[in-house]
Amino acid sequence: MPAAPTPESHARVDADTTLSTDPLWWRQAVVYQIYPRSFADSNGDGLGDIKGVTSRADYLAGLGVDAVWLSPFYPSELADGGYDVADYRNVDPRLGTLDDFDEMIAALHGRGIRVIVDIVPNHTSRMHPWFQEALAAGRGSAARERYIFREGTGPDGSQPPTDWTSTFGGAAWEQVEDGQWYYHFFAREQPDLNWDHPDVREDFLTTLRFWSDRGVDGFRIDVAHGLAKDLSEPLPSQAELDAMPMDGHHRIFDRDEVQDIYATWREVFNSYDPPRTAVAEAWVNPDRVPRYANPNSLGQSFNFDLLEADFNADQFRTIITDNLELASSSGSSSTWVLSNHDVVRHATRYGLPDAVRTHGPRPDKPVGQDWLLTGGTQPELHREQGLRRARAATMLMLALPGSSYIYQGEELGLHEVAEIPADQRQDPTFFRTNQKEIGRDGCRVPLPWVHDAANFGFGGPAHLPQPSWFADSAVDVESAREDSTLSLYRRALHLRRTLQGAEEMEWVDDSIEAPYSDQVLHLRRPGGWDVITNFSTEPIPFDTSTAILTSEPLTDGVLPGETTIWCAPRS
Ligand code: BGC
């Protein structure tokens, strides 16, 4: 195991590692998601920034990740955590400059870490110059054509064009001063773009080239299934929209012709060496995932099934089998995700009763959020059990063929932060639902780096308040402890590199006897890397003599409950 980097260590841009030349590096990569405003704050203003990422390049290299994915760092009024972009080809001045960005890429590339950035093409910020121009230019103007403006209904047009609702709550139409209305699937500060407009198509190609030219290796495409829309009259009602099958002809989502857009993006990706990669955030029916994941489209698509699963052997087995089949049918590799910036952290989800944990497959209904609903009776959270299960699930995930996307702070075993006062919350969901839905702030609280430093070494006073219990999970505390979740992630990620072979696995069904067999998953990767997860709470008899890593301490001849073990032939 490499020496643990200290949180204070700063990046050396002239680092000695270089990037692999493998154009298929992404197929089995571990990608670490950075939510930049909450990662590390270099200038003490309370917002994480680009230099903050650079200052932790050694931490990321020591962790053993292959790539980082940066959530939006672009200029934004932060109506939706940066997913409201005012300028796609710049850095938010509060987060730094383009020079800082170049320096960050050099620092990460110098350590063999690729960089993926988030592209948000479904909507801009209302502060984007195009939208400001559209407001000023008035009804019927060419500038309004880049967005979705309509006249209102009712005798004086004072009612919205339809009864459509925004996914963050409230109406999906907002009226402007001259009386017209514009469509926003998300917050009112996020007007949807009109992807039939040639300017829109051209501008995003320019953006993809801009970041690719700066050395960005890939893109995460936000709401990738939402760009193409059929808004011909008459428009359906919300009930009619909800009832429409997602079969390529839905008026708003996953329309067949969205692929024409990605075909032109693919030309840009493939004009670079190595080709730039992309991963789609596409909430579509499973049979349509290959449309996004195939090499002529975006190339890879998120599989969010584990976000919605209980800690349950049957569910994990089905999800793993189905997604590996789905990925191979499109020539892609599967992705695996247990946590991200939109859902309740998995250590917390697994500590909640099953009925509370799961929620529909929608980004607007973050998984496990019911736990936090204001005004309700809160079910008990079993923190230790949640973390124990999270460690076991993570070790299982990291052993699967395909790429794993991990979210900042999960390597510390962080729980969701519930105790954020209403006046400090930021998620538009909270406000647009009149505080009925709590939103996603609880997984976006700035990271704890040093247990006894001001703001836990994050930088200035954190823009979302850090709870006192963050001290126990600070990077310095966990670095010093062999049994910490951070030490487990470091060992797992480094071992994974040595064990990883072909993108294959098989289930081993005869190693565990009844009555335990239905609560245990045993899979084998090429080369004899065996991975066994005991989903039950009870220890089971198991030969642990070839164990190389376990999510909990072992006792001889027994696999403890809620534990994953990696075994491999010892050379
Ligand atoms: C992102 C969210 C964001 C939304 C609107 C999502 O899918 O992951 O964080 O609020 O897109 O851009």
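Start at 1 and go down the list; that is how both ligands and their atoms are numbered. The residues of the chain are indexed from 1 along the displayed sequence.
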Under a 4.0 Å heavy-atom limit, does W283 contact ligand 1 with its side chain, its backbone, both, or neither?
-> neither
For ligand 1, which atoms sit closer than 4.0 Å to a heavy atom of R440?
-> 2 (C), 3 (C), 9 (O), 10 (O)
Which ligand 1 atoms, with their elements, are less than 4.0 angstrom from a heavy-atom of D80?
-> 3 (C), 4 (C), 5 (C), 10 (O), 12 (O)
State whether a side-chain donor-acceptor pair under 3.5 Å links Q259 with S297.
-> yes
Give me the one residue out of Q426, H123, Q190 that meets side chain to side chain donor-acceptor pair (under 3.5 Å) with D80.
-> Q190
Taking only heavy atoms of F168, which atoms of ligand 1 are found under 4.0 Å from at least one of them?
-> 10 (O)
In ligand 1, which numbered atoms sit nearer than 4.0 Å to a non-hydrogen atom of V223?
-> 11 (O)
For D305, the salt bridge (Lys or Arg N to Asp or Glu O under 4.0 Å) test, sequence neighbours excluded, returns none
Single hit among R440, Q408, Q33 for side chain to side chain donor-acceptor pair (under 3.5 Å) with H341 | Q33
Which of the numbered atoms in ligand 1 are below 4.0 angstrom from a heavy atom of R444?
-> 9 (O)
Pull out every atom of ligand 1 sitting under 4.0 Å from any heavy atom of H123, numbered as shown with elements.
-> 5 (C), 12 (O)
Can you sort out the partners of S339 under side-chain hydrogen bond (donor to acceptor under 3.5 Å, both in side chains), two or more places apart, ordered by chain and number?
-> H346
Is there a donor in the side chain of S76 and an acceptor in the side chain of D92, or the other way round, less than 3.5 Å apart?
-> no
Among I221, N122, D342, D222, the residue with a heavy atom nearest to atom 9 (O) of ligand 1 is D342
